[in-house]
Enquirer: 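The structure is given below, and queries will be raised subsequently.
Every chain is numbered from 1, with letters handed out A, B, ... down the list of sequences. These numbers come from the heavy atoms of this one structure, side chains and all, not from hydrogens, waters or symmetry mates.
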Protein chains: 2
Amino acid sequence: MAGKPSLEDLKAGIEGAISTGRAVFLVCACRVDYEGRARSSLGPGERMVIIKEDGTVIVHQKSGRNPVNWMPPRTKTELSMADGELCLTCRKHREGEWMKVRISQASSLQTFYLEDFERLELYGTEKDFVKELIDDPSLIEKGFRMNKNERLMVAGRIDISGVDADGTPVAVEVKRSRATPHDVVQLKRYVDVLRKRSDGPVRGILVAPSSSSKARRLLVEYGLELKRVHPLKLERKRSQSDLSRFVEG
Amino acid sequence: MAGKPSLEDLKAGIEGAISTGRAVFLVCACRVDYEGRARSSLGPGERMVIIKEDGTVIVHQKSGRNPVNWMPPRTKTELSMADGELCLTCRKHREGEWMKVRISQASSLQTFYLEDFERLELYGTEKDFVKELIDDPSLIEKGFRMNKNERLMVAGRIDISGVDADGTPVAVEVKRSRATPHDVVQLKRYVDVLRKRSDGPVRGILVAPSSSSKARRLLVEYGLELKRVHPLKLERKRSQSDLSRFVEG
DNA sequence: ACATGCATTTCGCAT
DNA sequence: ATGCGAAGTGCATGT
């Protein structure tokens, strides 16, 4: 079904797809209202609507990376005709959250199965960066030794903890991209916890490829330190693009 | 074009759409690679691909609210045939960022123009919440008075500042949803700034609909306060009283 | 189920 | 342009 379906055809087509676990794509003139964690309304215009087999509903305008309206996986969508429009009512019952897509006209409808068993493989996350630093702690600082037990105990709260060459406790916060004031505050929280545990001095090091000026100001204010390190493999990539830019320019 | 196009047809169809500012939707078997801020690869499978007129490219798997791969607005997409596949090369030159979608087979292609002049109207943001509190400061606390000049001076850093019924300075941090430990730390930063300015006591109030237990523990530890207020309910209540005022008056 | 923090976060707003 | 924080954030992970 890919011509200009009537709203009745549309209703039957979408209901059929939902009941058989097929995905739906349609281009239509519609209005959208949402209420739940906030409240929104979108006046009439032409958009793309996707309904996935997991219940996800996404409404895309002509521009922008993000959907203008959406409902997350496990949403239940029901269809009804009212005032000459086809209304998609998408609900998450428990959360008391709903979206209504009122369709006045559809220019196309497609339904289909997607066969896909692959998952994204991603490299360059903060976790990867931490792994690199654990493999070579001297990247943080010469003489730095990781405290493995400690790291396990507070896993999820602090990226790396250890001691420097003098045996002084060090909390390390790792950021894969430019450090912000937010990151500094986070490190300070960790350091404060360690300072309560030990009477002696405690150092805090923020490891990041770069930092904003406000972040640096805060670091000084809190008596914390910055160590500039680029995530390794990404650094190689950056060198290449820098080089080609140099050659071109 | 909505049957099963050949890859050559696909190439011509997509190129035509891009050059004339139409959007593209296709269902295809493909692999995807990305490199830029990180690096990723996605093995073969069937996905949906959207190309918008602003250059946005989105690849959706069968499940999940978010695209598995994407490129942001202003991306340039070029097409080429290689090894019996149609390759979409999507680049942001300055950022040295690229995504390649290698298509082995397409089951449908649609191109279309979307006419849409509407923008989303959204209610219930933090900004809206702050506005409500400014309109009725007694929601924060009986006798609370806002310091308007102060608020302008430090705009962007503190949500609301003022004095309580006793004239004691108060910093107010507003959260539209459940308050977290980080929110408490942020409020403490503001309070510390005010404490440097005045020798007397300074209060800090976190206004939020709810708070996590750890956040409450931190509030106690820092000597700060929590005021529970629901933003959306507030708005509903206001609409009602506006209405009744209209009916009565 | 809730809590916490990352994200190729994206996005808007202010400087 | 860059900095900064919010987001209907989504999402995985740990408890």
Enquirer: How would you label the contact of A/Leu120 with the nucleic acid (heavy atoms, under 4.0 Å): base, sugar-phosphate, or nothing?
Expert: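 The answer is base, as A/Leu120 lies within the cut-off (heavy atoms under 4.0 Å) of a base atom.
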
Enquirer: Find the distance between CD (A/Glu35) and CE (A/Met99) and round it off to the nearest 0.5 Å.
Expert: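 So the gap between those two atoms works out to 14.0 Å.
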
Enquirer: Is it true that A/Ser210 and A/Arg178 share a donor-acceptor pair across their side chains at a distance under 3.5 Å?
Expert: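 Distance-only check passes for A/Arg178 and A/Ser210.
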
Enquirer: Measuring to OP1 and OP2 of C/dA3, would you say a side-chain N or O of B/Thr180 lies under 4.0 angstrom away?
Expert: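 Result: no.
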
Enquirer: Side-chain donor-acceptor pairs under 3.5 Å in residues 218-226 of chain A, sequence neighbours left out?
Expert:
residue  : atom : partner  : partner atom : Å
A/Glu225 : OE1  : A/Arg203 : NH2          : 2.6
A/Glu225 : OE2  : A/Arg203 : NE           : 2.9

Enquirer: Which one, D/dC4, D/dG8, C/dT8, comes nearest to the side chain of B/Ser40?
Expert: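 Out of D/dC4, D/dG8, C/dT8, the nucleotide with an atom closest to B/Ser40's side chain is C/dT8.
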
Enquirer: Which heavy atom of A/Lys175 sits nearest to which heavy atom of A/Glu126, and what is that distance?
Expert: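 Shortest heavy-atom separation between A/Lys175 and A/Glu126 comes out as NZ-OE1, 3.5 Å.
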
Enquirer: Given C/dG5, C/dA3, D/dG5, which nucleotide is nearest the side-chain atoms of A/Arg189?
Expert: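 Closest of the options to the side chain of A/Arg189: C/dG5.
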
Enquirer: Please say which of A/Val24, A/Asn69, A/Thr77, A/Ile50 ends up in a side chain to side chain contact (heavy atoms under 4.5 Å, CB included) with A/Val57.
Expert: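 Among A/Val24, A/Asn69, A/Thr77, A/Ile50, the one meeting side chain to side chain contact (heavy atoms under 4.5 Å, CB included) with A/Val57 is A/Thr77.
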
Enquirer: Go nucleotide by nucleotide along DNA chain C from the 5' end; which of B/Asn69 and B/Ser212 gets its closest nucleotide reached first?
Expert: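 Between the two, 5'-proximity favours B/Ser212.
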
Enquirer: Specify the separation, in whole Å, of atom NE2 of A/His182 and atom P of D/dA7.
Expert: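 So the two atoms are 14 Å apart, to the nearest Å.
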
Enquirer: Under 4.0 Å from OP1 or OP2 of C/dC2: is there any side-chain N or O of B/Lys214 that close?
Expert: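 So the side chain of B/Lys214 is outside the cut-off, no N or O lying under 4.0 Å from OP1 or OP2 of C/dC2.
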
Enquirer: Considering just the side-chain nitrogens and oxygens of A/Gln186, establish if one lies under 4.0 Å of OP1 or OP2 belonging to C/dT4.
Expert: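 For A/Gln186, the contact criterion (side-chain N or O under 4.0 Å from OP1 or OP2 of C/dT4) is not met.
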
Enquirer: Of all the choices, C/dT8, D/dG8, C/dG5, which nucleotide is nearest to the side chain of A/Thr125 once you look at every atom?
Expert: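 So the nucleotide nearest the side chain must be C/dT8.
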
Enquirer: Considering heavy-atom distances to DNA chain D, does A/Met71 or A/Ser213 have its closest nucleotide positioned more toward the 5' end?
Expert: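 The answer here is A/Ser213.
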
Enquirer: Do the rings of B/His182 and A/His182 sit parallel, tilted or perpendicular, given the 30° and 60° boundaries?
Expert: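 Geometry flag for A/His182 against B/His182: tilted rings.
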
Enquirer: Identify each atom pair where a protein N or O and an N or O of nucleotides 9-13 of chain C are less than 3.5 Å apart, giving names and distance.
Expert:
residue : atom : partner  : partner atom : Å
C/dT9   : OP2  : A/Arg176 : NH1          : 2.3
C/dT10  : OP1  : B/Arg37  : NH2          : 2.9
C/dT10  : OP1  : B/Trp70  : NE1          : 2.9
C/dT10  : OP2  : B/Arg37  : NH1          : 2.7
C/dT10  : O3'  : A/Asn66  : ND2          : 3.2
C/dC11  : OP1  : A/Arg65  : N            : 3.2
C/dC11  : OP1  : A/Asn66  : N            : 3.3

Enquirer: Quickly work out the B/Leu218 CG to C/dT4 C1' distance and round it to whole Å.
Expert: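 It works out to 13 Å between those atoms.
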
Enquirer: I want to confirm an ordering. Mapping B/Arg74 and A/Ala179 to their closest nucleotides on DNA chain D, which one lands closer to the 5' end?
Expert: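 Its nearest nucleotide being more 5', the pick is B/Arg74.
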
Enquirer: Using a strict cut-off of less than 4.0 Å between a Lys/Arg side-chain nitrogen and an Asp/Glu carboxylate oxygen, indicate whether B/Asp135 and B/Lys131 qualify as a salt bridge.
Expert: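 No, B/Asp135 and B/Lys131 are not salt-bridged.
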
Enquirer: Mind checking if B/Lys92 touches a base, just sugar-phosphate, or nothing, with heavy atoms under 4.0 Å?
Expert: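 Nothing, no heavy atom under 4.0 Å.
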
Enquirer: For B/Val68, report the nucleic acid contact type (base, sugar-phosphate, nothing); a contact means any heavy atom under 4.0 Å.
Expert: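 It contacts base atoms.
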
Enquirer: I'd like the P distance from C/dT8 over to D/dC4, given in whole Å.
Expert: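 Going atom to atom, P in each nucleotide, I get 22 Å.
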
Enquirer: Atom SG of B/Cys87 and atom CG of B/Leu79: how far apart are they, to the nearest 0.5 Å?
Expert: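 Atom-to-atom, B/Cys87:SG and B/Leu79:CG are 8.5 Å apart.
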
Enquirer: For the residue pair B/Tyr123 and B/Glu121, confirm or rule out a side-chain donor-acceptor distance under 3.5 Å.
Expert: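 On atom types as modelled, these side chains qualify, holding a pair under 3.5 Å.
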
Enquirer: If you measure from CD on A/Glu118 to CD on B/Gln61, what distance do you get to the nearest 0.5 Å?
Expert: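 With rounding to 0.5 Å, CD (A/Glu118) is 8.5 Å from CD (B/Gln61).
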
Enquirer: Taking the side chain of A/Glu126 as heavy atoms from C-beta outward, which of D/dG8, C/dA3, C/dC6 is closest to it?
Expert: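 Selected nucleotide: C/dC6.
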
Enquirer: Provide, to the nearest angstrom, the distance between the CG atom belonging to A/Asp159 and the P atom belonging to C/dG5.
Expert: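 To the nearest whole Å, that distance equals 10 Å.
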
Enquirer: Does A/Arg39 have a side-chain nitrogen or oxygen under 4.0 Å from the phosphate oxygens OP1 or OP2 of D/dG8?
Expert: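 No, because none of the side-chain N or O atoms of A/Arg39 sits under 4.0 Å from OP1 or OP2 of D/dG8.
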
Enquirer: In whole angstroms, how far is the P atom of D/dT2 from the CZ atom of A/Arg178?
Expert: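 Value for this atom pair: 9 Å.
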
Enquirer: Dot-bracket for DNA chain C, 5' to 3', counting Watson-Crick or G-U wobble pairs under 3.5 Å, with [ ] for crossing pairs and | for inter-strand pairs?
Expert: |||||||.|||||||

Enquirer: Salt bridge check, A/Lys62 against B/Glu53: does any charged N sit closer than 4.0 Å to a carboxylate O?
Expert: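 Salt bridge present between B/Glu53 and A/Lys62.
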
Enquirer: Whole angstroms only, please: what is the NZ-P distance between B/Lys175 and D/dT9?
Expert: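 Interatomic distance, NZ of B/Lys175 to P of D/dT9: 11 Å.
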
Enquirer: How long is the line joining CG of B/Asp128 and P of D/dA6, in whole Å?
Expert: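 Computing the B/Asp128:CG to D/dA6:P distance gives 14 Å.
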
